[in-house]
Amino acid sequence: MSDPRNTLRSGLPDRYLTPDDIAEIFEVPKETVYQWRRKHMGPPGFRIGKHLRYDPADVRAYVTRCKTADRGAA
């Protein structure tokens, strides 16, 4: 039987992204990242205690959805 800790470790990114990381990736002010969250726009984030974090896989999926929607609108 496999060790469940291995499954958990393999499913987690090396590092969750911070709002500063998201602002840098998308080249927007950090306040824009917080506005996206308040308006339920942008990549989905989650809280660890009082800290806002983003899963890199969710950010990649968000970018893919945006690209797909943009192609559909063209």
Pairs of donor and acceptor atoms involving the side chains of residues 18-32, under 3.5 Å and at least two apart or interchain, shall be tabulated with distances.
from  : atom 1 : to    : atom 2 : distance (Å)
Thr18 : OG1    : Asp20 : N      : 3.3
Thr18 : OG1    : Asp21 : N      : 3.1
Thr18 : OG1    : Asp21 : OD2    : 3.2
Asp20 : OD1    : Lys30 : NZ     : 3.2
Asp21 : OD2    : Arg15 : NH1    : 2.9
Asp21 : OD2    : Arg15 : NH2    : 3.1
Asp21 : OD2    : Thr18 : N      : 2.9
Glu31 : OE2    : Arg38 : NH2    : 2.7

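- For the residue pair Arg53 and Ile48, the shortest heavy atom distance occurs at CG-CG1, 4.4 Å.
- The minimum heavy-atom distance linking Pro43 with Val59 is given by the pair CB-CG2, 4.0 Å.
- Contact between Asp58 and Pro44 at its shortest, heavy atoms only, is CB-CG, 3.8 Å.
- The ring pair (Phe, Tyr, Trp, His ring centres under 6.0 Å) pairs that include a residue from residues 43-62 are Tyr16-Phe46, where partners are two or more places apart or lie in different chains.
- Legend: residues meeting side chain to side chain contact (heavy atoms under 4.5 Å, CB included) with Lys67, ordered by chain and number and at least two apart, are Val63, Arg71.
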